[in-house]
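Below, chain A is the first sequence line, B the second, and so on; all start at residue 1.
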Amino acid sequence: MSAQGPGAGIRVQGSVTPGAVVTVEVGGAATSVEVSTGDGTVLSFPVLPGGNARVRVPNVPGGTLLTVACGTGLRARVVLVEVLAP
Amino acid sequence: MSRPLPTRRRFLAAGTACLGALLSGCQVPCGQASPQPAPPAGPPAGSSEATAPARAAARPGTGDAELDALRHLAVDAPIAELVQHRLIFLVRIGDSYRKDPVMWRGVARLCDTALADPSIPDRRIFGKLLAQIIVYGEPEFAQPLAHLVPELRRLL
């Protein structure tokens with residue numbers, strides 16, 4: 001998994017395959033992070049005390065890009081995560 | 001304390017000033033200190049950016065502030081601004097505004113830029129994301145861009 005793009009304030013660590021659980025570090029006062037692939041499905045995960053969210057990677061084909069976002073409007077923070085084939 | 005000029009001298013002074021203004025092409029009133037610097041030249045008439053304010057004024061608001069801001073980015077804002085906000089723009093068209101025709105015009109602009117500009121940051125991933133948005137997009141709006149998908153996926 002690789003994080004891409006201007007996602008200051010949100011960080012994803014580790015490598016993932018479909019179905020894995022990853023920790024997303026979130027700065028600021030966001031209460032949730034939203035994960036989507038662009039197909040209209042949005043998965044929401046709460047930000048836990050300490051500023052981390054535990055995100056389960058959806059079962060998507062290898063090579064799919066996930067967007068992980070928090071916040072609203074143009075100031076929302078987004079990182080891209082590339083899912084590797086299992 | 002200055003003495004008022006005789007009528008004839010005042011007439012000559014005014015005539016000289018106006019003649020000077022005419023010869024120099026100055027369009028400021030006589031007596032004004034110095035003209036303000038000219039504003040920077042705008043985009044050429046007829047370009048998309050020259051007509052952007054007119055388009056924005058002609059397009060009614062949606063009542064959704066976020067959508068209005070994204071629509072502005074899509075068609076009115078300079079391409080650099082759209083590229084700067086590309087990720088949140090593509091997130092929102094993928095999850096919230098999937099059937100907004102104005103937003104899809106922004107996707108088309110981003111595709112053109114990704115294909116034409118090798119200096120786009122993270123161009124390979126950007127191309128892949130654009131391709132994915134088109135593939136997963138509403139066919140009615142995404143189909144006209146489908147022919148770009150193979151090329152977007154090949155970007156390095």
Using non-hydrogen atoms only, which part of A:Thr37 is less than 4.5 Å away from chain B: side chain, backbone, both, or neither?
both
When B:Phe126, B:Tyr136, B:Phe89 are compared by non-hydrogen pairs under 4.5 Å with chain A, the top option:
B:Tyr136
Does a salt bridge link B:Arg92 with B:Glu66, judged by any charged N lying under 4.0 Å from a carboxylate O?
yes
With a 4.5 angstrom heavy-atom cut-off, is it the side chain or the backbone of B:Leu73 that approaches chain A, or both, or neither?
side chain
Tell me which of these, A:Ser36, A:Gly63, A:Gly73, has more heavy-atom pairs under 4.5 Å with chain B than the rest.
A:Gly73
Check the pair B:Thr62, B:Asp68 against side-chain hydrogen bond (donor to acceptor under 3.5 Å, both in side chains), reporting the backbone distance first and the verdict last.
CA-CA 6 Å; B:Thr62 61; B:Asp68 287 343; 2.8 Å; yes
Would a distance-only check, ignoring hydrogens and angles, find a side-chain to backbone donor-acceptor pair under 3.5 Å from A:Glu25 to A:Val12?
no
Output yes when B:Arg86 and B:Glu81 qualify as a salt bridge under the 4.0 Å nitrogen-oxygen rule, no when they do not.
no
Bottom line for B:Ile93: the part with an atom under 4.5 Å from chain A's heavy atoms is neither
I'd like to check B:Arg153 versus B:Val135 (side-chain heavy atoms, cut-off strictly below 4.5 Å). Are they in contact?
yes
